[in-house]
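As structure tokens, the structure follows; a few thoughts come after it.
Since the model is a prediction, treat every value here as computed from it, not as a measurement.
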Amino acid sequence: MNATLTVARKEFQDGLRNRWVLAIALILAALAVGIAWFGAAASGGMGFTTLSTTVVSLSTLAVFLIPLIALLLAYDAVVGEQESGTLLLLLTYPMSRTALLLGKFLGHGLILGAATVLGFGIAGIVIGIGADGIDIGQLVSSMGLLILSSVLLGWVFIAFAYLISVWVSEKARAAGLALGVWFLFVLVFDLGLLALLVSVQGGGDWLPWLLLLNPTDGFRLINMVGFDTAQAYTGVTAIASDIDFPISWLVLVMLGWIAVPLGFAILRFRHHSA
């Protein structure tokens, strides 16, 4: 455990030194405030709109941006060390390969978590100050849920990045696979689900459960909780409007999406040749 925390602290300090936290936080804050402010543009207005519309808009931003940032942050976590020749040195230290990988994962997770809290936190403060008629208590709870679920979503894709990084031997290939994972879960999966929805012509009570096969849709479902009016703005996740997914189940599903690829990454790394 001490070795894991030591590696995590080093990764986090490297992230601070390379200004990853600041860069991600500023990007999230700027885009979140911009999207929230222009939320009424479709209706010809300008300024902050209802809380449900704002949360849906911010969750859409997070779906596209958080997975991409997570993959870019961690796709070379292992293969980059291997190409630079430092992996062999790290493996000579008195710690297990599992502790090393978990420490690096924890460090990257803390970097993304801190940046997400800071970025969306700033956006929440700006919305609370600038918006009219928004219940502050509901704003705090909604933004808190958005931040928590965004962190979990980011950790899912950091886990995928680690699985890629231990499986390939070149950074260029790892980058290509990371981009492929982003396209699959952020764009292709929902297009395929829409095609399936059209093909069954509205039938099939099992269709909403397919959303749980995509962590980005699970993230959307978490942020739909408590907003009945948000259903019309959520695209493919509208098929789940008749099913009341408990938020605890959705969080457990997200945790499962973190554990499975990370577990496979650990198993692979144990037999990885430096």
Side-chain angles (χ1 to χ4, degrees), residues 1-32 61-91 93 95-124 144 146-168 171-172 174-175 177-179 181-182 215 219 254-255 257-259 261-262 265-266 269 272:
M1 179 59 71
N2 289 335
T4 299
L5 295 178
T6 299
V7 174
R9 183 170 61 250
K10 178 187 177 299
E11 289 291 337
F12 185 74
Q13 289 172 347
D14 288 345
L16 292 177
R17 196 176 304 116
N18 296 330
R19 293 183 170 85
W20 265 108
V21 174
L22 180 61
I24 297 171
L26 290 178
I27 291 172
L28 287 177
L31 291 177
L61 167 68
V63 160
F64 282 92
L65 201 57
I66 295 293
L68 184 60
I69 291 174
L71 290 166
L72 290 175
L73 183 65
Y75 79 93
D76 62 345
V78 175
V79 70
E81 299 274 13
Q82 184 176 5
E83 283 197 356
S84 64
T86 56
L87 181 59
L88 186 59
L89 176 62
L90 288 174
L91 294 178
Y93 292 163
M95 60 180 167
S96 66
R97 294 190 174 205
T98 299
L100 174 61
L101 200 69
L102 286 178
K104 292 176 73 67
F105 175 84
L106 182 58
H108 282 130
L110 289 174
I111 291 171
L112 186 60
T116 303
V117 171
L118 186 59
F120 279 140
I122 292 172
L146 175 65
I147 291 171
L148 173 62
S149 56
S150 296
V151 171
L152 290 177
L153 180 65
W155 288 357
V156 169
F157 284 89
I158 289 177
F160 276 116
Y162 271 70
L163 181 58
I164 293 170
S165 193
V166 300
W167 209 271
V168 301
K171 284 178 62 174
L177 288 174
L179 188 59
V181 168
W182 184 84
F219 166 80
M254 295 296 287
L255 292 175
W257 272 108
I258 297 170
L262 183 60
I266 290 173
F269 189 55
H272 188 278

Does the pair Val79 and Trp167 meet the rule for a side-chain contact (heavy atoms from CB on, under 4.5 Å), with working shown?
CA-CA 8 Å; Val79 70; Trp167 209 271; over 6 Å; no
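- Residues Tyr162 and His108 bring their aromatic ring centres within 6.0 Å.
- Listed here is the closest heavy atom pair of Ala174 and Val168: CB-CG2, 3.6 Å.
- The two residues Ala99 and Ala3 come nearest to each other via the heavy atoms CB-CB, 4.5 Å.
- Side chain of Trp155 to main chain of Gly109: a donor-acceptor pair is present (N/O by atom type, distance under 3.5 Å, no hydrogens or angles).
- Nearest heavy atom pair, residue Ala159 against residue Pro261, reads CB-CG, 3.8 Å.
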Given the rule in the side-chain contact (heavy atoms from CB on, under 4.5 Å) test, do Phe157 and Leu72 qualify, once you have shown the distances and angles that lead to the verdict?
CA-CA 10 Å; Phe157 284 89; Leu72 290 175; over 6 Å; no
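- For Ser165 (side chain) and Val78 (main-chain N/O), a donor-acceptor pair under 3.5 Å exists by modelled atom type.
- Side chains of Ser84 and Thr86: a donor on one and an acceptor on the other come within 3.5 Å.
- With contacts defined as side-chain heavy-atom distances shorter than 4.5 Å, the pair Leu163/Phe269 does not qualify.
- Between Leu112 and Val151, every side-chain heavy-atom pair lies at or beyond the 4.5 Å cut-off.
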Dump the intermediate steps for side-chain contact (heavy atoms from CB on, under 4.5 Å) on Ile66 and Thr116, then the final yes or no.
CA-CA 9 Å; Ile66 295 293; Thr116 303; 4.1 Å; yes
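- Between the CH2 atom in Trp257 and the CG atom in Leu255 there is a gap of 13.5 Å [rounded to 0.5 Å].
- Between the CG atom of Leu68 and the CG atom of Leu73 there is a distance of 11.0 Å, given to the nearest 0.5 Å.
- With rounding to the nearest 0.5 angstrom, the NZ atom of Lys10 is 7.5 Å from the CZ atom of Arg17.
- Within the model, atoms OG of Ser150 and CG of Leu28 stand 8.0 Å from one another, a figure rounded to the nearest 0.5 Å.
- Between Met95 and Thr6 the shortest side-chain heavy-atom distance does not fall below 4.5 Å.
- When all heavy atoms are compared, the tightest approach of Gly15 to Ile111 is CA-CD1, 3.6 Å.
- Looking at heavy atoms from C-beta onward, Ile258 lies in side-chain contact with Phe105 at the 4.5 angstrom threshold.
- Between Leu153 and Ala62 the shortest heavy-atom distance is CD2-O, 4.0 Å.
- Note: Asp76 CG to Glu83 CD = 9.0 Å, rounded to the nearest 0.5 Å.
- Between Phe64 and Trp182, the shortest heavy-atom distance links the atoms O-NE1, 3.1 Å.
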For a side-chain contact (heavy atoms from CB on, under 4.5 Å) check, start with the C-alpha distance between Leu101 and Val166, then their side-chain angles and the critical distance, and finish with the verdict.
CA-CA 10 Å; Leu101 200 69; Val166 300; 4.2 Å; yes
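- The closest side-chain heavy-atom distance from Phe219 to Val63 is below 4.5 Å.
- Lys104 has a carboxylate O that lies under 4.0 Å from a charged side-chain N of Glu11, or vice versa, which qualifies the two as a salt bridge.
- Atoms OH and CD1, on Tyr75 and Ile164 in that order, are 11.0 Å from each other to the nearest 0.5 Å.
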